[in-house]
Amino acid sequence: MPYTSKHGPIDLPRVDILTYLFPPGETPSTKPLWIDSQEPEKNLSPAQLLRWVKRLAFGLERTGLKKGEVVMIYTPNHVFVPVAYLGIVGAGYAFSGANPIYTLPEMVHQINNTGAQIILAHPTMVATALAAAAKAGLSSERIYQFSDEFCPPCYGVPDWTSLIGTEAEGSTYSWPRLSAQEAASTVATINYSSGTTGLPKGVCVSHTNLIANIEQTIYMKYLDKPFWPDISKRPAERWIGFLPLYHAYGQLYTILMAVKLSVPVYIMKQFVYTDFLASIQKFKITHLQVAPPILVMLSKRPETAKYDISSVTDVLCGAAPLSKELQNDVMKRFGMQINQGWGMTEVTCGAIHVPGGVSDDTGSVGQLDPNSECKLLDDDGIEVPAGSPGEMYIRGPQVCLRYWKNEAATAESIDKDGWLKTGDVAVCDEREYFWIVDRKKELIKVNALQVAPAELEAVLLEHDQIADAAVVGITLHNEEWPRAYVALQDNAKGKVKPEDIQQWIKSKVAKHKWLVGGVTFINEVPKLASGKIQRKTMREWSKADAKI
Ligand code: ATP
Ligand code: MG
C-alpha cells in the first residue's frame, strides 16, 4: 500500500495566485518585505509590490501577448524580481527564469524551448540576451532592461519602466480571476530542472500547484504551532534571500511564502560567503533556507568564526543529500536546529519535510506533506517493505502538470494515475520518516553492488583536512569504480596525499565502496548556484581521466 501523509488533509484554495496572496478586502502591508542586503534603502512593501505588479501586468497585456505565452527573466536576484514573477503570473502568462550564468547556447535553448515572447534582462546580461534572441528569431524589440534602478537605453534596449503602465493605469488594472478549473490548468511557471542528470527540462506548474505547495509547506513548518501562520501570534522571523530566484526553492520562500507569512527577506544579489555571514549578523536573520554546500561552508570555512550568527534558530536544508554527521556538527557548534526537506522542480518545490517542532538528528528528509502519497518500488515495480530502499514515486496536488513541449519525458515521468517517478532512491521507516539514499542515475555499480556517491562524500567531509569533495563513477577496463575529487583545506595542501584519503575511506566503509577509481585533488567542487554538485561536469572529468 502506498504511504499516505500522516498529516492533514488540508483544504486548498482553488483560485489564482494573486487572489490567494492578496485576498479581496485585505489591505496589503506597507512595511518593507524585500530589502536589498547591501543597500537596505532599496526595498519594497507588499503594498508597493502590488502596485508595480499591476503596472507590469497592464503593460504586458498592452503588448498584445496572448494568455499562456511565456515571459522570461534573465537576472541575478534583486528586489524587483518578485514584481516580475507575480506580474507575469498574475496577468495569466507563464514565468520562466533563466540562470544568470547561462552562456549564449544555453540561453538560445531556453528561448527556443519556451517560445518566450518577452525577455526582461539585467543590464549586465543584455548583450547575451540580444545575441541569443537574434539566434532564436526573437525581435530585439522584445527585450527590456530589468534591474532595481532605472537604466538609460543600452544597445538600443529600453528600460522595463517603458513597458509597464503608469501609476494611474496600474491602479485601474484588475487581474484575471481564474475559476477553480482555470487555476488548475493555467501554467504559472516554467522552471527548468537543474540539469544534474541531463539537459534541464522545463516543468509546467499551475496556480493550484503553487498554492498547494505554499499551504503544504506552511502546514509542515508550523505543525507544532498551528496558529503561527497568523502573524499577530508569531515571533518575528527574518530571512535572507540568496537562493536563486530562477529556481523553485528561491521562488517559494523569497517570493511566495514571504508574502503569505509577512516575513521580511534580505535579498542578496550575489552569493559571497562573508557577505552572507555579515548580513546574518547585521539583520539578525532567524531562519535560513539552504542547500548542503552552505552547511559545508559553515562547518569548514575559518571565516565563520569571525561573525555572530547566533540569531539563527532554524535552518531548512534541501536540494541535495546532507549527511547526518554534517547536520549534527553544525547543529552542535552553532546551536541551530537543522531540519531537512525533500523536493524537486516537478513537485513545485517540496513534498517531504521534517515537521516543525521535531528535532531530527538522523539525516531524515522528513514525512510526507499533507494531501500527498508516496510509494517506493524495486526494479520490478513491486513496493518494498519498510527499511528497504526503493525508487520514490510521489502523488499530490503539488505534482506539476507536465514538461513543457516534451510529451515523451512527461509520459516517462508521470503515469496516467498521477504518480511522479522521482529518480530518487529512498528508505522509509515504521514512523513514515524518509531517508534519501541516492539518485538512481548516480548510483555507481561496483560488481553489481550499488555505491551511493552521497554516502562516500559524507565520509570524506568528516575528514578534518578536506574542505569539500565529490564522488563519481569512472569506467576502467569495462568496470565502474568510485573516484573522488577532493578539495583540501588550505593548510593541508601539499601535505595530505591521495593515499591518505584512500586509507581514510578504507577505515570507514565496506570494500566494494573503496576509491578504486582513484583520488584527484581539485581547488573547488563544481556546483550550481542552487547548491547541487554539477554531476555532468564531474562525469566529463572522469571520462577524460579514464583515458589517461
Ligand atoms: P535534472 O532533473 O535536470 O537532472 P535535478 O533533478 O537536480 O536536475 P531539481 O529539480 O532542481 O533538478 O532537483 C531535484 C533533485 O534534488 C531531487 O530529485 C533529488 O535528487 C535532489 N534533492 C532534493 N532535496 C533533497 C534532499 N533533501 N536530499 C537529497 N536529495 C535531494
Ligand atoms: Mg530531476
Side-chain angles (χ1 to χ4, degrees), residues 97 99 106 109-110 113 189-205 209 213 217 220 243-252 289-295 315-324 326-327 338-354 360 362-369 374 389 391-394 398-400 403-404 406 409-410 412-414 420-428 433-443 452-455 457-458 470 526-539:
N99 186 337
E106 288 166 323
H109 170 74
Q110 192 161 334
N113 193 241
T189 59
I190 306 172
N191 286 322
Y192 278 71
S193 62
S194 298
T196 312
T197 54
L199 263 187
K201 297 179 288 272
V203 176
C204 299
V205 157
N209 288 148
N213 211 219
T217 310
M220 291 301 270
L243 293 171
L245 290 172
Y246 63 83
H247 192 261
Y249 192 8
Q251 292 161 5
L252 189 82
Q289 303 90 32
V290 305
I294 301 288
L295 301 184
V315 181
L316 167 70
C317 183
L322 169 69
S323 70
K324 68 169 189 282
L326 179 61
Q327 179 178 5
I338 303 173
N339 279 342
Q340 288 200 61
W342 174 92
M344 61 195 291
T345 314
E346 290 85 340
V347 297
T348 303
C349 180
I352 300 179
H353 290 90
V354 174
D360 177 71
T362 67
S364 168
V365 294
Q367 295 184 307
L368 276 171
D369 290 356
C374 174
E391 185 178 3
M392 187 156 74
Y393 287 68
I394 297 275
Q398 73 278 54
V399 170
C400 68
Y403 291 112
W404 180 252
N406 194 341
T410 305
E412 228 173 75
S413 297
I414 307 174
L420 169 76
K421 180 179 164 76
T422 67
D424 287 355
V425 181
V427 172
C428 183
Y433 272 81
F434 289 81
W435 284 261
I436 303 297
V437 184
D438 218 313
R439 303 177 70 144
K440 216 163 169 162
K441 282 192 184 158
E442 285 171 16
L443 291 174
E455 183 194 345
E457 284 156 8
K527 290 195 183 151
L528 299 169
S530 51
K532 288 170 197 289
I533 295 175
Q534 265 182 320
R535 302 276 173 195
K536 255 190 316 190
T537 310
M538 309 294 312
R539 276 200 298 273

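Order of appearance sets the numbers: ligands from 1, and atoms from 1 within every ligand. These values consider heavy atoms only, across backbone and side chains, with no hydrogens, waters or symmetry-generated copies.
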### Closest to atom 6 (O) of ligand 1 among Glu346, Arg439, Met344 (heavy-atom distance)
Arg439
### Message
Closer than 4.0 Å to some heavy atom of His247 - which atoms of ligand 1 meet that?
### Response
11 (O)
### Message
Between Asn99 and Glu106, is there a side-chain donor-acceptor contact under 3.5 Å, judged purely by atom types and distance?
### Response
no
### Message
Within the 3.5 Å criterion, strictly below it, is a donor on Asp369 or His353 matched to an acceptor on the partner's side chain?
### Response
yes
### Query
Of the backbone atoms (N, CA, C, O) and the side-chain heavy atoms from C-beta on, which set of Ala454 has a member under 4.0 Å from an atom of ligand 1: side chain, backbone, both, or neither?
neither
### From Cys400 atom SG to Ile414 atom CD1, the distance as rounded to the nearest 0.5 Å
4.0 Å
### Query
Can you tell me if Asn113 and Tyr192 form a side-chain donor-acceptor pair at under 3.5 Å?
yes
#### Entry: Short side-chain to backbone donor-acceptor contact, Gln327 and Ile338, under 3.5 Å
yes
### Task
Of the side chain and backbone of Ala319, name the one, both, or neither that has a heavy atom under 4.0 Å from an atom of ligand 1.
backbone
### Query
If hydrogens are left out, which of Gly423, Gly531, Ala248, Pro321 has an atom nearest to atom 29 (C) of ligand 1, that is, the closest non-hydrogen atom?
Pro321
### Query
Counting both backbone and side chain atoms, is some N or O of Gly341 under 3.5 Å from an N or O of ligand 1?
yes
### Residue Gln340 vicinity, atoms of ligand 1 by number, heavy atom under 4.0 Å
27 (N)
### Query
How would you list, by chain and number, every residue that makes a salt bridge (charged side-chain N to carboxylate O under 4.0 Å, His left out) with Lys532, sequence neighbours excluded?
none
### Asp424: numbered ligand 1 atoms lying under 4.0 Å from its heavy atoms
17 (C), 18 (O), 19 (C), 20 (O)
### Message
I'd like to check which ligand 1 atoms, numbered from 1 as shown, lie under 4.0 Å from a non-hydrogen atom of Thr345.
### Response
9 (P), 10 (O), 11 (O)
### Task
Measure across Gln340 and Ser364 and return the closest heavy-atom pair with its distance rounded to 0.1 Å.
CB-O, 3.4 Å
### Message
So, 4.0 Å and heavy atoms of Gly350: is ligand 1 close enough to count as a contact?
### Response
no
